[in-house]
Amino acid sequence: MAASQAYARIRAEVLRLVALIPAGKFTTYGSIALHMNVAPRHVASVLARLTEEEARALPWHRVVAAEGRISQGMEPSLQERQRSLLQQEGMRLDDRGYIQDTDAHFHVVGLRRNIRWSED
DNA sequence: GGAGAGGCTTACT
DNA sequence: AAGTAAGCCTCTC
């Protein structure tokens, strides 16, 4: 089947976790991926293919790449929006897109879970 | 079913 | 800090 059930569950969980990130905080793709026991790419793919309503309802901007930096692979316009949204929530970023006060604002999604996403 | 792509990551320069 | 290379797993065409 296309869009396997496993992926559907992963996607739903990613959305749930992102929704839990409090304002003024942030986390990384890697952290979510580690917590969910999936590849970082998967998390990125999920967020990259958000629907309109999901993008509106979720604080996707609170998820950044490794090292607390805004993802460079996406559209510059989106990068700008993400940066302004983060600054709007009280975080400082430098010109390169790095969050300056990472230790103070990092949101720990959770410990590593050995979840089996396949159906079995 | 095979090739290309994706909002990443780590390792190394 | 920036750039390159290679690995990563699944989606989409």
Side-chain angles (χ1 to χ4, degrees):
Chain A
M1 72 185 87
S4 65
Q5 287 186 358
Y7 186 75
R9 291 182 212 163
I10 291 172
R11 176 172 156 283
E13 184 66 359
V14 169
L15 299 186
R16 191 181 71 80
L17 292 175
V18 171
L20 290 179
I21 305 173
K25 295 231 174 186
F26 76 93
T27 191
T28 67
Y29 294 99
S31 295
I32 295 175
L34 179 67
H35 175 60
M36 294 179 60
N37 199 35
V38 299
R41 265 281 177 205
H42 297 177
V43 180
S45 291
V46 169
L47 294 183
R49 301 172 201 286
L50 287 178
T51 63
E52 281 281 336
E53 59 269 27
E54 287 170 335
R56 239 187 313 106
L58 292 172
W60 58 269
H61 56 274
R62 297 184 193 139
V63 183
V64 298
E67 307 299 325
R69 180 181 47 165
I70 290 179
S71 304
Q72 302 297 298
M74 62 181 178
E75 283 197 33
S77 59
L78 284 178
Q79 292 184 33
E80 290 299 324
R81 189 179 326 180
Q82 180 169 22
R83 196 179 72 151
S84 61
L85 284 170
L86 290 175
Q87 291 177 332
Q88 189 178 325
E89 297 185 348
M91 289 181 247
R92 292 181 298 110
L93 290 81
D94 65 7
D95 295 338
R96 304 174 192 77
Y98 279 82
I99 294 177
Q100 297 296 290
D101 42 9
T102 56
D103 288 345
H105 292 285
F106 182 68
H107 170 69
V108 180
V109 175
L111 295 177
R112 190 180 204 274
R113 290 188 297 177
N114 274 326
I115 298 178
R116 177 180 298 191
W117 296 99
S118 58
E119 347 233 318
D120 258 69

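Lettering of chains follows the sequences in order, A, B, ..., and the numbering in each one begins at 1. Since we're looking at a predicted model, the values are computed, not measured.
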When rounded to whole Å, the CD to C1' distance for the pair Gln5(A) and dT10(C) reads 16 Å
Would you find a donor on one side and an acceptor on the other, under 3.5 Å apart, between the side chain of Trp117(A) and the backbone of Met36(A)? yes
Considering only heavy side-chain atoms of Ala39(A), the closest of dT9(B), dC9(C), dG7(B) is dC9(C)
_Nearest-0.5 Å distance, CD of residue Glu80(A) to OG of residue Ser77(A)_ =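 It comes to 8.5 Å.
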In terms of the nearest nucleotide of DNA chain B, which residue is placed more toward the 5' end: His42(A) or Val64(A)?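 The residue whose closest nucleotide sits nearer the 5' end is His42(A).
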**Prompt:** Among side-chain atoms of Asn114(A) and Arg112(A), is any donor-acceptor pair under 3.5 angstrom?
**Reply:** yes
(Q) Looking at Ser45(A), I'd like to know whether one of its side-chain N or O atoms comes within less than 4.0 Å of OP1 or OP2 on dC8(B). (A) no
* Euclidean distance, atom CZ of residue Phe26(A) to atom P of dG7(B) [Å, nearest integer] ->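 The answer, rounded to whole Å, is 21 Å.
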Whole-Å distance, Leu93(A) CG to dA1(C) C1', equals 16 Å
Closest of dA1(C), dG7(B), dT9(B) to the Tyr98(A) side chain is dA1(C)
Side-chain atoms of Met74(A) come closest, of dC11(C), dA1(C), dG7(B), to dG7(B)
- Message: Go through it in stages, so that I can follow the logic: the residues are Glu89(A) and His105(A), the test is side chain to side chain donor-acceptor pair (under 3.5 Å), and I'd like the CA-CA distance, side-chain angles, deciding distance and then a yes or no.
- Response: CA-CA 10 Å; Glu89(A) 297 185 348; His105(A) 292 285; over 6 Å; no
Among dC11(C), dT9(B), dG7(B), the one nearest any side-chain atom of Ser71(A) is dG7(B)
Between CZ of Arg96(A) and P of dG3(C) the distance, given in whole Å, is 11 Å
request  = Mind checking Ala65(A) for me? I need base, sugar-phosphate or nothing, with any heavy atom below 4.0 Å counting as a touch.
outcome  =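 Since only primed, P, OP1 and OP2 atoms lie under 4.0 Å of Ala65(A), the category is sugar-phosphate.
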*asked:* Let me confirm one number: the CG-CG distance from Leu20(A) to Leu58(A), rounded to the nearest 0.5 Å.
replied: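 Here the interatomic distance stands at 10.0 Å.
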Annotated structure of DNA chain B as dot-bracket, pair cut-off 3.5 Å, Watson-Crick or G-U only, | for inter-strand, is .|||||.||||||
Here the distance between atom C1' of dC8(B) and atom CZ of Arg69(A), to the nearest Å, is 10 Å
Shortest side-chain distance from Ala48(A), nucleotide among dG6(B), dC11(C), dT9(B):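 Output: dG6(B).
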query = Hey, is Glu54(A) close enough to Arg11(A) for a salt bridge, meaning N to O under 4.0 Å?
reply = yes
Roughly how far, to the nearest 0.5 Å, is the CZ atom of Phe26(A) from the CD atom of Gln82(A)?
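Reported to 0.5 Å precision, the distance equals 11.0 Å.
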Asn37(A) atom CG is separated from dC8(B) atom C1', nearest whole Å, by 16 Å
note: Ile99(A), atom CD1; dA1(C), atom C1'; distance rounded to Å ~ 17 Å
Residue closer to the 5' end of DNA chain C, Arg41(A) versus Arg49(A) (nearest nucleotide)
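Going by which nucleotide is closer to the 5' end, it is Arg41(A).
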In whole angstroms, the gap separating C1' of dG7(B) from CD of Gln79(A) amounts to 8 Å
